[in-house]
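Structure first, then comments.
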2 protein chains.
Amino acid sequence: MISSRRARVSGGDRGDETRQRLIKAAIDVFGRFGYEGASTRALAEAAGANLAAIPYHFGGKEGLYLATASYIAERIAERVGPVAERVAGELTGEESGPADRDACLRLLQELLDRFAELVVLEEEAGQWARLVVREQMHPTRAFEILYDGIMKKVLRLLATLIGRLTGVAPDNEVTRLRALTLLGQVLMFRTAHAAALRQMGWDKIGPRELAAIQAVVRENVVAIAGASAGDGDKAGAAEVRR
Amino acid sequence: MISSRRARVSGGDRGDETRQRLIKAAIDVFGRFGYEGASTRALAEAAGANLAAIPYHFGGKEGLYLATASYIAERIAERVGPVAERVAGELTGEESGPADRDACLRLLQELLDRFAELVVLEEEAGQWARLVVREQMHPTRAFEILYDGIMKKVLRLLATLIGRLTGVAPDNEVTRLRALTLLGQVLMFRTAHAAALRQMGWDKIGPRELAAIQAVVRENVVAIAGASAGDGDKAGAAEVRR
DNA sequence: GTCTATAGTCGGATAGAC
DNA sequence: GTCTATCCGACTATAGAC
(Lines give C-alpha, C1' and ligand atoms only; values in the text may rest on other atoms or scores of the structure.)
Protein backbone atom coordinates (compact mmCIF):
# COMPACT_ATOMS: atom_id res chain seq x y z
CA MET A 1 0.00 0.00 0.00
CA ILE A 2 2.80 2.28 0.89
CA SER A 3 5.51 3.26 -1.52
CA SER A 4 7.46 5.77 0.53
CA ARG A 5 9.88 6.99 -2.02
CA ARG A 6 11.64 9.03 0.59
CA ALA A 7 12.89 7.80 3.91
CA ARG A 8 14.78 10.87 4.94
CA VAL A 9 16.33 10.93 8.35
CA SER A 10 18.98 13.55 7.99
CA GLY A 11 17.56 17.00 8.35
CA GLY A 12 17.91 20.71 8.66
CA ASP A 13 16.99 21.63 5.13
CA ARG A 14 13.75 23.08 3.94
CA GLY A 15 12.20 19.71 3.18
CA ASP A 16 12.78 18.62 6.72
CA GLU A 17 10.89 21.60 8.04
CA THR A 18 7.99 20.84 5.72
CA ARG A 19 7.87 17.26 6.96
CA GLN A 20 7.74 18.49 10.55
CA ARG A 21 4.94 20.91 9.79
CA LEU A 22 2.97 18.20 8.04
CA ILE A 23 3.34 15.79 10.96
CA LYS A 24 2.35 18.39 13.54
CA ALA A 25 -0.72 19.33 11.57
CA ALA A 26 -1.52 15.69 10.89
CA ILE A 27 -1.78 14.91 14.62
CA ASP A 28 -4.68 17.31 14.84
CA VAL A 29 -6.37 16.57 11.54
CA PHE A 30 -6.11 12.77 11.72
CA GLY A 31 -7.24 12.92 15.33
CA ARG A 32 -10.28 14.99 14.52
CA PHE A 33 -11.50 13.32 11.36
CA GLY A 34 -9.93 9.89 11.50
CA TYR A 35 -7.73 8.40 8.85
CA GLU A 36 -10.32 8.18 6.11
CA GLY A 37 -11.99 11.42 7.08
CA ALA A 38 -8.82 13.47 6.90
CA SER A 39 -8.32 14.66 3.33
CA THR A 40 -4.86 15.29 1.97
CA ARG A 41 -6.06 18.76 1.06
CA ALA A 42 -7.02 19.46 4.67
CA LEU A 43 -3.74 18.01 5.91
CA ALA A 44 -1.70 20.13 3.51
CA GLU A 45 -3.64 23.29 4.22
CA ALA A 46 -3.39 22.87 8.00
CA ALA A 47 0.38 22.51 7.60
CA GLY A 48 0.67 25.43 5.24
CA ALA A 49 2.16 23.01 2.76
CA ASN A 50 1.42 21.98 -0.75
CA LEU A 51 -0.83 19.05 -1.48
CA ALA A 52 1.84 17.34 -3.54
CA ALA A 53 4.24 17.49 -0.62
CA ILE A 54 2.47 14.55 1.03
CA PRO A 55 3.10 11.96 -1.67
CA TYR A 56 6.52 13.46 -2.19
CA HIS A 57 7.77 13.31 1.40
CA PHE A 58 5.82 10.40 2.82
CA GLY A 59 4.89 8.35 -0.22
CA GLY A 60 1.23 9.11 0.36
CA LYS A 61 -1.40 9.65 2.99
CA GLU A 62 -0.70 6.37 4.76
CA GLY A 63 2.98 7.16 5.03
CA LEU A 64 2.15 10.46 6.70
CA TYR A 65 -0.13 8.64 9.11
CA LEU A 66 2.55 6.18 10.16
CA ALA A 67 5.09 8.96 10.48
CA THR A 68 2.63 10.77 12.72
CA ALA A 69 2.24 7.71 14.94
CA SER A 70 6.01 7.46 15.28
CA TYR A 71 6.21 11.11 16.21
CA ILE A 72 3.59 10.68 18.92
CA ALA A 73 5.33 7.62 20.33
CA GLU A 74 8.59 9.57 20.48
CA ARG A 75 7.01 12.54 22.22
CA ILE A 76 5.35 10.32 24.83
CA ALA A 77 8.53 8.35 25.37
CA GLU A 78 10.34 11.63 25.84
CA ARG A 79 8.04 12.58 28.68
CA VAL A 80 7.38 9.29 30.40
CA GLY A 81 10.70 7.67 29.62
CA PRO A 82 12.84 9.49 32.19
CA VAL A 83 10.46 8.73 35.05
CA ALA A 84 10.02 5.17 33.88
CA GLU A 85 13.74 4.60 33.70
CA ARG A 86 14.28 6.03 37.13
CA VAL A 87 11.60 3.74 38.50
CA ALA A 88 13.16 0.78 36.74
CA GLY A 89 16.54 1.76 38.13
CA GLU A 90 15.34 2.01 41.70
CA LEU A 91 13.55 -1.29 41.36
CA THR A 92 16.62 -3.25 40.35
CA GLY A 93 18.81 -1.37 42.81
CA GLU A 94 17.18 -2.75 45.92
CA GLU A 95 15.88 -5.94 47.40
CA SER A 96 12.21 -6.79 47.60
CA GLY A 97 12.10 -6.87 51.35
CA PRO A 98 9.13 -5.53 53.27
CA ALA A 99 11.08 -2.37 54.05
CA ASP A 100 10.74 -0.91 50.54
CA ARG A 101 6.97 -0.99 50.42
CA ASP A 102 6.78 2.75 50.94
CA ALA A 103 9.33 3.29 48.20
CA CYS A 104 7.32 1.18 45.77
CA LEU A 105 4.18 3.04 46.69
CA ARG A 106 5.85 6.38 46.08
CA LEU A 107 7.22 5.21 42.73
CA LEU A 108 3.83 3.90 41.69
CA GLN A 109 2.15 7.15 42.62
CA GLU A 110 4.81 9.14 40.86
CA LEU A 111 4.44 7.11 37.68
CA LEU A 112 0.68 7.56 37.67
CA ASP A 113 0.99 11.24 38.56
CA ARG A 114 3.27 11.80 35.62
CA PHE A 115 1.04 9.81 33.36
CA ALA A 116 -2.00 11.77 34.45
CA GLU A 117 -0.19 15.00 33.75
CA LEU A 118 0.73 13.77 30.30
CA VAL A 119 -2.62 12.32 29.42
CA VAL A 120 -5.00 14.75 30.95
CA LEU A 121 -3.63 18.25 30.49
CA GLU A 122 -5.01 20.12 27.54
CA GLU A 123 -1.79 21.14 25.81
CA GLU A 124 -1.02 18.66 23.07
CA ALA A 125 -2.33 15.46 24.59
CA GLY A 126 -5.88 15.97 23.46
CA GLN A 127 -4.68 15.75 19.90
CA TRP A 128 -2.57 12.66 20.36
CA ALA A 129 -5.22 10.93 22.36
CA ARG A 130 -7.84 10.81 19.65
CA LEU A 131 -5.43 9.13 17.31
CA VAL A 132 -4.14 6.72 19.95
CA VAL A 133 -7.59 5.68 21.14
CA ARG A 134 -8.69 5.12 17.58
CA GLU A 135 -5.79 2.74 17.19
CA GLN A 136 -6.69 0.99 20.42
CA MET A 137 -10.17 0.18 19.25
CA HIS A 138 -9.39 -0.38 15.57
CA PRO A 139 -5.70 -1.15 15.36
CA THR A 140 -3.73 -0.64 12.18
CA ARG A 141 -0.01 -0.86 11.62
CA ALA A 142 0.32 2.37 13.58
CA PHE A 143 -0.70 0.58 16.76
CA GLU A 144 2.47 -1.51 16.72
CA ILE A 145 4.48 1.67 16.67
CA LEU A 146 2.56 3.14 19.58
CA TYR A 147 2.45 0.01 21.71
CA ASP A 148 6.03 -1.04 21.25
CA GLY A 149 7.19 2.54 21.58
CA ILE A 150 5.92 3.22 25.06
CA MET A 151 2.80 1.44 26.32
CA LYS A 152 4.53 -1.89 26.83
CA LYS A 153 7.16 -0.37 29.07
CA VAL A 154 4.71 1.54 31.25
CA LEU A 155 2.44 -1.45 31.71
CA ARG A 156 5.33 -3.68 32.66
CA LEU A 157 6.56 -1.18 35.23
CA LEU A 158 3.12 -0.83 36.74
CA ALA A 159 2.77 -4.59 37.04
CA THR A 160 6.19 -4.88 38.63
CA LEU A 161 5.43 -2.23 41.22
CA ILE A 162 2.03 -3.69 42.03
CA GLY A 163 3.56 -7.13 42.27
CA ARG A 164 6.04 -5.87 44.83
CA LEU A 165 3.35 -4.11 46.82
CA THR A 166 0.96 -7.03 46.92
CA GLY A 167 3.41 -9.86 47.03
CA VAL A 168 1.93 -11.36 43.89
CA ALA A 169 4.07 -12.20 40.88
CA PRO A 170 4.21 -9.40 38.27
CA ASP A 171 3.14 -11.78 35.53
CA ASN A 172 0.19 -13.06 37.53
CA GLU A 173 -3.12 -12.43 35.83
CA VAL A 174 -4.51 -10.50 38.77
CA THR A 175 -1.45 -8.31 39.01
CA ARG A 176 -1.59 -7.41 35.35
CA LEU A 177 -5.30 -6.67 35.63
CA ARG A 178 -4.62 -4.42 38.59
CA ALA A 179 -2.09 -2.52 36.49
CA LEU A 180 -4.69 -1.99 33.81
CA THR A 181 -7.37 -0.82 36.22
CA LEU A 182 -4.95 1.70 37.72
CA LEU A 183 -4.13 3.06 34.32
CA GLY A 184 -7.81 3.10 33.43
CA GLN A 185 -8.56 5.46 36.29
CA VAL A 186 -6.31 8.02 34.67
CA LEU A 187 -7.08 7.34 31.03
CA MET A 188 -10.80 7.77 31.58
CA PHE A 189 -10.35 11.52 31.84
CA ARG A 190 -9.22 11.50 28.24
CA THR A 191 -11.27 8.72 26.74
CA ALA A 192 -14.47 9.88 28.39
CA HIS A 193 -13.42 13.50 28.39
CA ALA A 194 -16.76 15.09 27.63
CA ALA A 195 -18.63 13.00 30.17
CA ALA A 196 -16.01 13.68 32.83
CA LEU A 197 -16.29 17.42 32.28
CA ARG A 198 -20.05 17.28 32.71
CA GLN A 199 -19.90 15.03 35.74
CA MET A 200 -17.50 17.43 37.41
CA GLY A 201 -19.08 20.63 36.18
CA TRP A 202 -15.70 21.64 34.76
CA ASP A 203 -15.26 23.43 31.49
CA LYS A 204 -11.74 22.21 31.03
CA ILE A 205 -9.10 20.18 32.81
CA GLY A 206 -6.36 22.56 33.93
CA PRO A 207 -3.68 22.34 36.60
CA ARG A 208 -6.16 22.56 39.48
CA GLU A 209 -8.36 19.83 38.07
CA LEU A 210 -5.33 17.68 37.30
CA ALA A 211 -4.20 17.97 40.90
CA ALA A 212 -7.63 16.89 42.14
CA ILE A 213 -7.56 13.87 39.84
CA GLN A 214 -4.06 12.94 40.96
CA ALA A 215 -5.06 13.20 44.61
CA VAL A 216 -7.97 10.82 44.19
CA VAL A 217 -5.95 8.36 42.13
CA ARG A 218 -3.18 8.41 44.74
CA GLU A 219 -5.69 7.61 47.45
CA ASN A 220 -7.07 4.77 45.36
CA VAL A 221 -3.61 3.38 44.79
CA VAL A 222 -2.94 3.34 48.51
CA ALA A 223 -6.25 1.63 49.14
CA ILE A 224 -5.79 -0.99 46.45
CA ALA A 225 -2.16 -1.71 47.24
CA GLY A 226 -2.83 -1.73 50.96
CA ALA A 227 -5.90 -3.92 50.86
CA SER A 228 -4.24 -6.66 48.86
CA ALA A 229 -0.86 -6.46 50.56
CA GLY A 230 0.64 -9.83 51.17
CA ASP A 231 -2.21 -11.75 49.65
CA GLY A 232 0.11 -13.67 47.44
CA ASP A 233 -1.60 -16.87 48.42
CA LYS A 234 -5.09 -15.46 48.05
CA ALA A 235 -4.51 -14.07 44.59
CA GLY A 236 -5.99 -17.22 43.16
CA ALA A 237 -9.29 -16.21 44.70
CA ALA A 238 -9.75 -13.64 41.97
CA GLU A 239 -8.99 -16.18 39.31
CA VAL A 240 -12.15 -17.53 37.88
CA ARG A 241 -13.43 -21.00 37.35
CA ARG A 242 -13.42 -21.91 33.73
CA MET B 1 -27.59 20.87 8.18
CA ILE B 2 -30.16 18.21 8.51
CA SER B 3 -33.41 18.17 6.61
CA SER B 4 -34.92 14.89 7.74
CA ARG B 5 -37.90 14.75 5.52
CA ARG B 6 -39.13 11.71 7.34
CA ALA B 7 -39.59 11.37 11.04
CA ARG B 8 -41.30 8.04 11.07
CA VAL B 9 -42.06 6.47 14.39
CA SER B 10 -44.80 4.05 13.54
CA GLY B 11 -43.44 0.88 12.10
CA GLY B 12 -43.84 -2.61 10.90
CA ASP B 13 -43.81 -1.96 7.20
CA ARG B 14 -41.00 -2.61 4.80
CA GLY B 15 -39.51 0.86 5.16
CA ASP B 16 -39.22 0.40 8.85
CA GLU B 17 -37.20 -2.75 8.36
CA THR B 18 -34.87 -0.95 5.98
CA ARG B 19 -34.34 1.80 8.52
CA GLN B 20 -33.46 -0.78 11.15
CA ARG B 21 -31.01 -2.52 8.87
CA LEU B 22 -29.37 0.78 8.00
CA ILE B 23 -28.99 1.75 11.65
CA LYS B 24 -27.55 -1.61 12.64
CA ALA B 25 -25.04 -1.48 9.83
CA ALA B 26 -24.27 2.16 10.57
CA ILE B 27 -23.16 1.35 14.12
CA ASP B 28 -20.39 -0.76 12.68
CA VAL B 29 -19.44 1.37 9.71
CA PHE B 30 -19.50 4.73 11.50
CA GLY B 31 -17.60 3.15 14.37
CA ARG B 32 -14.90 1.79 12.11
CA PHE B 33 -14.35 4.69 9.77
CA GLY B 34 -15.68 7.66 11.67
CA TYR B 35 -18.36 9.99 10.45
CA GLU B 36 -16.44 11.46 7.55
CA GLY B 37 -14.75 8.20 6.69
CA ALA B 38 -17.98 6.25 6.39
CA SER B 39 -19.33 6.59 2.86
CA THR B 40 -22.99 6.33 2.11
CA ARG B 41 -22.09 3.60 -0.34
CA ALA B 42 -20.45 1.55 2.39
CA LEU B 43 -23.35 2.21 4.75
CA ALA B 44 -25.94 1.16 2.19
CA GLU B 45 -24.00 -1.90 1.09
CA ALA B 46 -23.41 -3.09 4.65
CA ALA B 47 -27.13 -2.80 5.27
CA GLY B 48 -28.06 -4.52 2.03
CA ALA B 49 -29.98 -1.38 1.17
CA ASN B 50 -29.99 1.04 -1.66
CA LEU B 51 -27.83 4.12 -1.56
CA ALA B 52 -30.80 6.39 -2.08
CA ALA B 53 -32.54 4.93 0.96
CA ILE B 54 -30.32 7.01 3.25
CA PRO B 55 -31.41 10.44 2.10
CA TYR B 56 -34.92 9.12 1.76
CA HIS B 57 -35.34 7.70 5.27
CA PHE B 58 -32.99 9.85 7.29
CA GLY B 59 -32.70 13.03 5.25
CA GLY B 60 -29.03 12.31 4.63
CA LYS B 61 -25.90 10.90 6.14
CA GLU B 62 -26.04 13.09 9.23
CA GLY B 63 -29.60 12.07 9.96
CA LEU B 64 -28.56 8.44 9.87
CA TYR B 65 -25.71 9.22 12.25
CA LEU B 66 -27.97 10.86 14.80
CA ALA B 67 -30.51 8.07 14.49
CA THR B 68 -27.69 5.63 15.16
CA ALA B 69 -26.68 7.50 18.30
CA SER B 70 -30.26 7.39 19.54
CA TYR B 71 -30.41 3.68 18.86
CA ILE B 72 -27.24 3.08 20.85
CA ALA B 73 -28.49 5.15 23.77
CA GLU B 74 -31.70 3.15 23.80
CA ARG B 75 -29.92 -0.19 23.71
CA ILE B 76 -27.63 0.79 26.57
CA ALA B 77 -30.51 2.17 28.59
CA GLU B 78 -32.34 -1.10 27.99
CA ARG B 79 -29.51 -3.05 29.55
CA VAL B 80 -28.32 -0.79 32.32
CA GLY B 81 -31.65 0.84 33.07
CA PRO B 82 -33.27 -2.02 35.00
CA VAL B 83 -30.28 -2.47 37.28
CA ALA B 84 -29.91 1.26 37.71
CA GLU B 85 -33.56 1.66 38.63
CA ARG B 86 -33.40 -1.15 41.11
CA VAL B 87 -30.35 0.45 42.70
CA ALA B 88 -32.10 3.78 42.81
CA GLY B 89 -35.14 2.13 44.34
CA GLU B 90 -33.20 0.39 47.09
CA LEU B 91 -31.38 3.60 47.82
CA THR B 92 -34.50 5.63 48.48
CA GLY B 93 -36.20 2.75 50.25
CA GLU B 94 -33.87 2.69 53.20
CA GLU B 95 -32.13 4.96 55.64
CA SER B 96 -28.47 5.81 55.35
CA GLY B 97 -27.51 4.26 58.63
CA PRO B 98 -24.26 2.38 59.08
CA ALA B 99 -26.12 -0.91 58.75
CA ASP B 100 -26.64 -0.62 55.00
CA ARG B 101 -22.99 -0.26 54.12
CA ASP B 102 -22.86 -3.82 52.90
CA ALA B 103 -25.97 -3.26 50.85
CA CYS B 104 -24.45 -0.18 49.22
CA LEU B 105 -21.28 -2.10 48.51
CA ARG B 106 -23.23 -4.90 46.88
CA LEU B 107 -25.23 -2.47 44.79
CA LEU B 108 -22.09 -0.67 43.69
CA GLN B 109 -20.43 -3.90 42.72
CA GLU B 110 -23.50 -5.07 40.90
CA LEU B 111 -23.75 -1.85 38.94
CA LEU B 112 -20.11 -2.05 37.90
CA ASP B 113 -20.40 -5.76 37.14
CA ARG B 114 -23.30 -5.10 34.85
CA PHE B 115 -21.52 -2.21 33.24
CA ALA B 116 -18.42 -4.30 32.67
CA GLU B 117 -20.51 -7.00 31.06
CA LEU B 118 -22.10 -4.44 28.79
CA VAL B 119 -18.94 -2.59 27.92
CA VAL B 120 -16.41 -5.31 27.66
CA LEU B 121 -18.04 -8.33 26.04
CA GLU B 122 -17.39 -8.66 22.35
CA GLU B 123 -20.93 -9.04 21.07
CA GLU B 124 -22.22 -5.66 20.02
CA ALA B 125 -20.47 -3.37 22.44
CA GLY B 126 -17.26 -3.12 20.48
CA GLN B 127 -19.21 -1.47 17.71
CA TRP B 128 -21.02 1.01 19.92
CA ALA B 129 -17.92 1.86 21.81
CA ARG B 130 -15.96 3.25 18.92
CA LEU B 131 -18.75 5.63 18.10
CA VAL B 132 -19.31 6.62 21.72
CA VAL B 133 -15.63 7.23 22.44
CA ARG B 134 -15.32 9.31 19.31
CA GLU B 135 -18.11 11.47 20.62
CA GLN B 136 -16.43 11.73 24.01
CA MET B 137 -13.26 13.14 22.53
CA HIS B 138 -14.83 15.14 19.72
CA PRO B 139 -18.44 15.75 20.68
CA THR B 140 -21.10 16.52 18.12
CA ARG B 141 -24.84 16.75 18.55
CA ALA B 142 -24.86 12.99 18.98
CA PHE B 143 -23.07 13.31 22.30
CA GLU B 144 -26.05 15.06 23.87
CA ILE B 145 -28.17 12.10 22.92
CA LEU B 146 -25.73 9.63 24.41
CA TYR B 147 -24.97 11.55 27.61
CA ASP B 148 -28.52 12.51 28.46
CA GLY B 149 -29.75 9.09 27.45
CA ILE B 150 -27.78 7.05 29.93
CA MET B 151 -24.37 8.27 31.11
CA LYS B 152 -25.77 10.96 33.37
CA LYS B 153 -27.92 8.50 35.26
CA VAL B 154 -25.15 5.94 35.79
CA LEU B 155 -22.68 8.56 36.99
CA ARG B 156 -25.17 9.99 39.43
CA LEU B 157 -25.93 6.57 40.86
CA LEU B 158 -22.27 5.77 41.26
CA ALA B 159 -21.67 9.03 43.07
CA THR B 160 -24.64 8.43 45.35
CA LEU B 161 -23.46 4.96 46.30
CA ILE B 162 -19.89 6.09 46.87
CA GLY B 163 -21.15 9.00 48.91
CA ARG B 164 -23.06 6.63 51.16
CA LEU B 165 -20.08 4.33 51.54
CA THR B 166 -17.59 7.03 52.35
CA GLY B 167 -19.81 9.41 54.22
CA VAL B 168 -19.00 12.19 51.79
CA ALA B 169 -21.71 14.13 50.02
CA PRO B 170 -22.55 12.75 46.55
CA ASP B 171 -22.00 16.13 44.95
CA ASN B 172 -18.61 16.59 46.60
CA GLU B 173 -15.80 16.93 44.11
CA VAL B 174 -13.90 13.98 45.53
CA THR B 175 -16.94 11.75 45.47
CA ARG B 176 -17.65 12.54 41.86
CA LEU B 177 -14.03 11.95 40.96
CA ARG B 178 -14.15 8.60 42.72
CA ALA B 179 -17.17 7.67 40.63
CA LEU B 180 -15.25 8.50 37.47
CA THR B 181 -12.18 6.53 38.47
CA LEU B 182 -14.31 3.49 39.24
CA LEU B 183 -15.94 3.71 35.85
CA GLY B 184 -12.56 4.24 34.26
CA GLN B 185 -11.32 0.92 35.58
CA VAL B 186 -13.99 -0.80 33.55
CA LEU B 187 -14.01 1.43 30.50
CA MET B 188 -10.28 1.00 29.97
CA PHE B 189 -10.87 -2.51 28.68
CA ARG B 190 -12.77 -0.99 25.78
CA THR B 191 -10.95 2.27 25.23
CA ALA B 192 -7.53 0.67 25.47
CA HIS B 193 -8.73 -2.64 24.13
CA ALA B 194 -5.74 -3.57 22.03
CA ALA B 195 -3.24 -2.69 24.75
CA ALA B 196 -5.25 -4.60 27.35
CA LEU B 197 -5.29 -7.71 25.19
CA ARG B 198 -1.53 -7.58 24.79
CA GLN B 199 -0.89 -6.87 28.44
CA MET B 200 -2.98 -9.89 29.39
CA GLY B 201 -1.88 -12.15 26.57
CA TRP B 202 -5.53 -12.60 25.63
CA ASP B 203 -6.77 -12.81 22.08
CA LYS B 204 -10.25 -11.68 23.00
CA ILE B 205 -12.32 -10.78 26.02
CA GLY B 206 -14.86 -13.55 26.56
CA PRO B 207 -16.87 -14.66 29.57
CA ARG B 208 -13.82 -15.98 31.43
CA GLU B 209 -11.86 -12.80 30.92
CA LEU B 210 -14.86 -10.69 31.85
CA ALA B 211 -15.19 -12.58 35.11
CA ALA B 212 -11.52 -11.96 35.92
CA ILE B 213 -11.94 -8.25 35.24
CA GLN B 214 -15.06 -8.08 37.38
CA ALA B 215 -13.29 -9.84 40.24
CA VAL B 216 -10.43 -7.37 40.26
CA VAL B 217 -12.73 -4.38 39.98
CA ARG B 218 -14.84 -5.69 42.84
CA GLU B 219 -11.76 -6.02 45.00
CA ASN B 220 -10.73 -2.49 44.11
CA VAL B 221 -14.16 -1.17 44.98
CA VAL B 222 -13.99 -2.79 48.39
CA ALA B 223 -10.53 -1.36 48.95
CA ILE B 224 -11.45 2.14 47.84
CA ALA B 225 -14.77 2.25 49.64
CA GLY B 226 -13.28 0.69 52.74
CA ALA B 227 -10.21 2.86 52.94
CA SER B 228 -12.11 6.10 52.74
CA ALA B 229 -15.05 4.99 54.86
CA GLY B 230 -16.24 7.66 57.18
CA ASP B 231 -13.71 10.21 56.10
CA GLY B 232 -16.36 12.77 55.50
CA ASP B 233 -14.34 15.29 57.42
CA LYS B 234 -11.10 14.36 55.70
CA ALA B 235 -12.47 14.60 52.19
CA GLY B 236 -11.13 18.10 51.99
CA ALA B 237 -7.66 16.63 52.17
CA ALA B 238 -7.96 15.57 48.55
CA GLU B 239 -9.13 19.00 47.57
CA VAL B 240 -6.32 20.99 46.17
CA ARG B 241 -4.98 24.37 46.96
CA ARG B 242 -5.76 26.78 44.22
C1' DG C 1 -40.76 2.26 -0.89
C1' DT C 2 -37.19 0.94 -3.79
C1' DC C 3 -34.60 1.10 -7.68
C1' DT C 4 -31.25 2.98 -11.74
C1' DA C 5 -29.05 6.73 -13.71
C1' DT C 6 -26.81 10.82 -13.30
C1' DA C 7 -25.48 15.41 -11.68
C1' DG C 8 -22.08 17.95 -9.27
C1' DT C 9 -18.33 17.84 -6.04
C1' DC C 10 -14.29 16.34 -3.85
C1' DG C 11 -10.94 12.65 -3.11
C1' DG C 12 -5.63 11.08 -3.74
C1' DA C 13 -2.01 10.94 -6.80
C1' DT C 14 0.81 12.48 -10.67
C1' DA C 15 3.30 15.24 -14.42
C1' DG C 16 6.13 18.61 -15.40
C1' DA C 17 7.54 23.61 -14.98
C1' DC C 18 10.42 26.26 -11.98
C1' DG D 1 11.93 20.90 -2.91
C1' DT D 2 7.90 23.23 -4.22
C1' DC D 3 4.46 24.60 -7.14
C1' DT D 4 0.20 24.49 -10.73
C1' DA D 5 -2.61 21.89 -13.52
C1' DT D 6 -4.91 17.84 -14.26
C1' DC D 7 -6.48 12.93 -14.33
C1' DC D 8 -9.69 9.80 -12.74
C1' DG D 9 -12.11 7.55 -9.36
C1' DA D 10 -15.32 7.97 -5.38
C1' DC D 11 -18.29 10.80 -2.97
C1' DT D 12 -23.37 12.63 -1.54
C1' DA D 13 -27.57 13.70 -3.20
C1' DT D 14 -31.31 13.93 -6.54
C1' DA D 15 -34.59 12.82 -10.42
C1' DG D 16 -37.68 9.95 -12.11
C1' DA D 17 -39.17 5.14 -13.56
C1' DC D 18 -41.45 1.30 -11.45
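The structure displayed is predicted, hence computed values, not measured ones. Values reported hereafter were calculated over all heavy atoms of this structure, with side chains retained and with hydrogens, waters and symmetry mates removed.
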Watson-Crick or G-U pairs under 3.5 Å in DNA chain D, rendered as dot-bracket with [ ] for crossing pairs and | for another strand: ||||||||||||||||||
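- With sequence neighbours left out, A:T181 forms a side chain to side chain donor-acceptor pair (under 3.5 Å) with B:N220.
- Under the 4.0 Å criterion applied to side-chain N and carboxylate O atoms, A:E62 and A:R141 are assigned as salt-bridge partners.
- D:dA10 atom P lies 12 Å from atom CD of B:E45, rounded to whole Å.
- Here B:E173 does not pair with B:R178 in a salt bridge; the nearest charged N to carboxylate O distance is not below 4.0 Å.
- Contacts of B:A53 with the nucleic acid, taken as non-hydrogen atoms under 4.0 Å apart, are absent.
- Ion pairing between A:E17 and A:R21 holds under the 4.0 Å rule for side-chain N and carboxylate O.
- Atom NE2 in B:H57 sits about 15 Å away from atom P in D:dA13, given to the nearest Å.
- Regarding B:Q20, its CD atom lies at a distance of 16 Å from the C1' atom of C:dG1, rounded to whole Å.
- Comparing D:dC3, D:dA13, C:dT4 by their nearest atom to the side chain of A:N50 picks out D:dC3.
- Judged by a 6.0 Å distance limit and a 45° cone about the ring axis, B:R32 is not positioned over the six-membered ring of B:F30.
- The A:A52 side chain lies nearest to C:dA15 when the options are C:dA15, D:dA15, C:dT2.
- Residue B:Y56 has a polar side-chain atom (N or O) positioned under 4.0 Å from OP1 or OP2 of C:dG1.
- Under the salt bridge (charged side-chain N to carboxylate O under 4.0 Å, His left out) criterion, B:E45 pairs with no residue, sequence neighbours left out.
- The phosphate of C:dT2 (OP1 or OP2) has a side-chain N or O of B:T18 nearer than 4.0 angstrom.
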Please write out each protein N/O paired with an N/O of nucleotides 10-12 of chain C under 3.5 Å, distance rounded to 0.1 Å.
residue: C:dG11; atom: N7; partner: A:R41; partner atom: NH1; Å: 3.3
residue: C:dG12; atom: OP1; partner: A:A38; partner atom: O; Å: 3.3
residue: C:dG12; atom: OP1; partner: A:T40; partner atom: N; Å: 3.0
residue: C:dG12; atom: OP1; partner: A:K61; partner atom: NZ; Å: 3.0
residue: C:dG12; atom: OP2; partner: A:T40; partner atom: N; Å: 2.4
residue: C:dG12; atom: OP2; partner: A:T40; partner atom: OG1; Å: 2.5
residue: C:dG12; atom: N7; partner: A:R41; partner atom: NH1; Å: 2.8
residue: C:dG12; atom: O6; partner: A:R41; partner atom: NH2; Å: 2.9

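- Using a 4.0 Å cut-off between charged nitrogen and carboxylate oxygen, A:R86 and A:E90 count as a salt-bridge pair.
- With sequence neighbours excluded, no residue satisfies side chain to side chain donor-acceptor pair (under 3.5 Å) with B:R176.
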Considering only distance and modelled atom types, tabulate donor-acceptor pairs under 3.5 Å from the side chains of residues 147-162 of chain A, sequence neighbours left out.
residue: A:T160; atom: OG1; partner: A:R156; partner atom: O; Å: 2.8

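- One interatomic measurement links the two molecules: CG of B:L64 to C1' of D:dC11, which rounds to 16 Å at whole-angstrom precision.
- Between the C1' atom of C:dG1 and the CD1 atom of B:I54 lies a distance of 15 Å, rounded to the nearest Å.
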